[in-house]
Protein chains: 2
Amino acid sequence: MADDTETIGLLAGLGPDIAADLLKQAQRRTIRTDEVLFTAGQPACSVHVLACGAAKLMQTTPGGARVIVKYVRPGEVFGSPALLDKFYPTDAVAVTECVELQWPSELVRTVICRHPRVALNVIGDLEARLREMEDRLRDLSNEPVEHRLARAILKLVETFGQQTGEGIEIPFPVSRQDLADLIGSTLPTVSRTLSAWEAQRQIRRARRRLVIADVATVARVLYEETIPEPKPRRSHRRAARR
Amino acid sequence: MADDTETIGLLAGLGPDIAADLLKQAQRRTIRTDEVLFTAGQPACSVHVLACGAAKLMQTTPGGARVIVKYVRPGEVFGSPALLDKFYPTDAVAVTECVELQWPSELVRTVICRHPRVALNVIGDLEARLREMEDRLRDLSNEPVEHRLARAILKLVETFGQQTGEGIEIPFPVSRQDLADLIGSTLPTVSRTLSAWEAQRQIRRARRRLVIADVATVARVLYEETIPEPKPRRSHRRAARR
DNA sequence: CGCCGAGTTGATCAGGCTCAACAAATGTGG
DNA sequence: CCACATTTGTTGAGCCTGATCAACTCGGCG
């Protein structure tokens, strides 16, 4: 398992011996698909890293609406609120069989004191997530569903995509509802758009998995009919028309 | 200026002497209203803290759409991407006369090594911003404009609000366009809603400032007509109707 | 074989965006 | 201090994206 050292962002730049030592101190847990790693509202007392597999972080509002905040990929930190003794803000659910590492938060805090590099790694991770959220916020404010959907899929592709004979496959089930929750839309709307793309052979489904046959064409959705708009300062919302 | 020590989250928990020392090393800059602190895309080489005043962080898309990512309040860190030698992801614009402190990023990195507490402070700040973004994402996906607007205003109130004779005032100009960019809507829509609230005396305007006369009633917007929805699991979007 | 959750698809309707013309407020120079 | 220019806000009319509701299909499973 020593090769985790290379994957895990948290331990980057630490020197193999130290990293290995920290790894040994981690609590290791295997979680089956659809099982819950933690729940929103629970007190967060350890910092988590996904060693392998994939998980989704999501919130459910009292009204029943759901939002997928993020898909976690191997090597990423999640549950960092633990460092501040807060509560988990989201549910975390395994979407694959996966392996998770946990360190109790006080331990991590002392590690940070001894190896401040770890703190920088955490900061880097958080910073990246913040950027990601800013992007999504922009999309949600300005882009139509079709664009948001394309972008969400492209993102899944570059984060989790695996080349197969049929195209690039997302190696875990992504339901239409999931996609809807990811882009702030609804199942029927997503279904419609995807049906169209399926008809055009840009995507397909293989045993519960999403397969993107033609990434370039999906990406093109984002650029076609983006009005060059000669006017110096258009005001707002929906750059596309016609 | 030693009293900055108490306000500045970055320096929390450091001991007055150390904090004072760090403060001395900061580059201090005064910025006038509407001036730019930094621009999206610039290489970020120092970490900023707002000593006093207020600033907004915003992005402008090529299409001309704008998003206000955050209003920065005194004591907050902004421009932390510098720690990783990245680029500023947003523009930062002063909305008041304000004073900013800057530390070159390498300096901050060494400070972090000597005083890991600083790293925890940064992490705390980022974590809080992440939570905030998650909330906004949820709102944008699920709530109608009216709710988002109410929430945005309430947030401004609790972050910047100052009690005055007329009610609680936001101590800097917030245009309808700003509010629109904050909640992902458009100027005309915001204007309409606000006109209504103005007519009902919940808010007013005094010399370019927003004054919230009746916070409770604005807050009530969020709760009235939230359907109790007996059904165990409604699917999605817009909990409110009728 | 019948059930159940997930997906499809049609019909309908409304929130809120767009366009546009006008009114207020702020600022500028004489 | 007033006329004009510029920016910011107001308000009406119309339309379109995408949500909602609903009926039906499909694939998997006990």
Side-chain angles (χ1 to χ4, degrees), chain A residues 33-34 63-66 95 139-150 172-181 183-199 203-210 221 225 227 229 231-242, chain B residues 33-34 63-66 95 139-150 172-181 183-199 203-210 221 225 227 229 231-242:
Chain A
T33 306
D34 288 331
R66 293 185 320 182
V95 293
D139 273 17
L140 219 38
S141 312
N142 301 312
E143 306 287 354
V145 164
E146 205 182 34
H147 284 207
R148 306 205 303 266
L149 187 53
F172 49 81
V174 181
S175 72
R176 318 265 138 161
Q177 181 68 60
D178 286 335
L179 287 170
D181 295 342
I183 66 173
S185 177
T186 57
L187 191 156
T189 302
V190 169
S191 178
R192 273 181 250 271
T193 312
L194 251 40
S195 298
W197 293 354
E198 227 162 312
I203 63 172
R204 70 156 51 68
R205 244 166 318 170
R207 73 217 145 78
R208 215 97 192 94
R209 303 278 181 282
L210 198 56
V221 170
E225 66 177 356
I227 285 197
E229 198 81 42
K231 302 185 194 173
R233 265 296 242 67
R234 280 314 296 132
S235 60
H236 198 49
R237 202 101 171 174
R238 189 136 311 126
R241 273 186 264 128
R242 193 155 344 280
Chain B
T33 307
D34 288 331
R66 294 184 320 180
V95 293
D139 273 15
L140 220 36
S141 311
N142 302 312
E143 306 287 355
V145 164
E146 205 183 32
H147 283 207
R148 306 206 302 267
L149 187 53
F172 49 82
V174 181
S175 72
R176 317 264 138 162
Q177 182 68 59
D178 287 335
L179 287 170
D181 295 343
I183 67 173
S185 177
T186 57
L187 192 155
T189 303
V190 169
S191 178
R192 273 181 248 271
T193 312
L194 251 41
S195 299
W197 293 354
E198 228 162 311
I203 64 172
R204 70 156 50 68
R205 243 166 320 168
R207 74 215 144 79
R208 216 96 190 93
R209 303 276 180 284
L210 199 57
V221 170
E225 67 179 353
I227 285 196
E229 198 82 40
K231 303 185 192 173
R233 264 295 243 66
R234 280 314 296 136
S235 60
H236 198 47
R237 201 96 169 176
R238 189 134 312 126
R241 273 186 266 130
R242 193 160 342 283

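All chains are named by letter (A, B, ...) in the order of the sequence lines, taking the proteins before the strands, and each is independently numbered beginning at 1. Note that the structure is a prediction, hence the values are computed from the model and not measured.
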Please report, rounded to the nearest Å, how far the P atom of D:dT11 is from the CH2 atom of B:Trp197.
16 Å
Rounded distance in Å - CG (A:Leu194) to P (C:dG7):
10 Å
Using atom names, set out every protein N or O paired with an N or O of nucleotides 4-9 of chain D below 3.5 Å, distance rounded to 0.1 Å.
residue	atom	partner	partner atom	Å
D:dG9	OP1	B:Arg176	N	3.2

Between B:Thr33 and B:Val95, which heavy-atom pair has the shortest distance, and what is it?
CG2-O, 3.6 Å
B:Trp197 to B:Val221 - nearest heavy-atom pair and separation
CZ2-CG2, 4.0 Å
Side chain of A:Pro188 only, heavy atoms from C-beta on: which candidate in D:dC21, C:dC17, D:dT11 is closest?
D:dC21
Distance in angstrom units between A:Asp34 CG and C:dG5 P, rounded
14 Å
Closest heavy-atom pair and its distance - A:Val145, A:Ser185
CG2-OG, 3.9 Å
Upstream residue (5' side of DNA chain D) when B:Glu198 and A:Val190 are each assigned their closest nucleotide:
B:Glu198
Quick one: does any side-chain atom of B:Asp178 pair with a main-chain N or O of B:Ser175 as donor and acceptor, under 3.5 Å?
yes
How many Å lie between CG on A:Leu140 and P on D:dG18, as a whole number?
11 Å
Exactly one of B:Leu187, B:Thr193, B:Thr189, B:Leu194 clears side chain to side chain contact (heavy atoms under 4.5 Å, CB included) with B:Leu179, and that residue is B:Leu194
If an axis is fit to five pairs at each end of the helix from C:dC1-D:dG30 to C:dG30-D:dC1, what is the angle between the two, to the nearest 10°?
40°
What distance separates A:Arg204 CZ from A:Leu210 CG, expressed to the nearest 0.5 Å?
11.0 Å
Residue pairs meeting salt bridge (charged side-chain N to carboxylate O under 4.0 Å, His left out), one or both in residues 187-198 of chain B, sequence neighbours left out, come to B:Arg176-B:Glu198, B:Glu198-B:Arg205
Between A:Asp181 (CG) and C:dA6 (P), how many Å, whole number?
12 Å
Using atom CG of B:Leu149 as one end and atom C1' of C:dG15 as the other, report the distance to the nearest whole Å.
15 Å
Can you see if the side chain of B:Ser195 gets near the phosphate of D:dT11 - specifically, an N or O under 4.0 Å from OP1 or OP2?
yes
The side chain of A:Ser185 lies closest to which of these nucleotides: C:dG10, D:dA19, C:dC17?
D:dA19
Any donor-acceptor pair under 3.5 Å joining the side chain of A:Arg192 to the base of C:dG10?
yes
Under a 4.0 Å threshold between the charged nitrogen and the carboxylate oxygen, would B:Asp139 count as salt-bridged to B:Arg148?
no
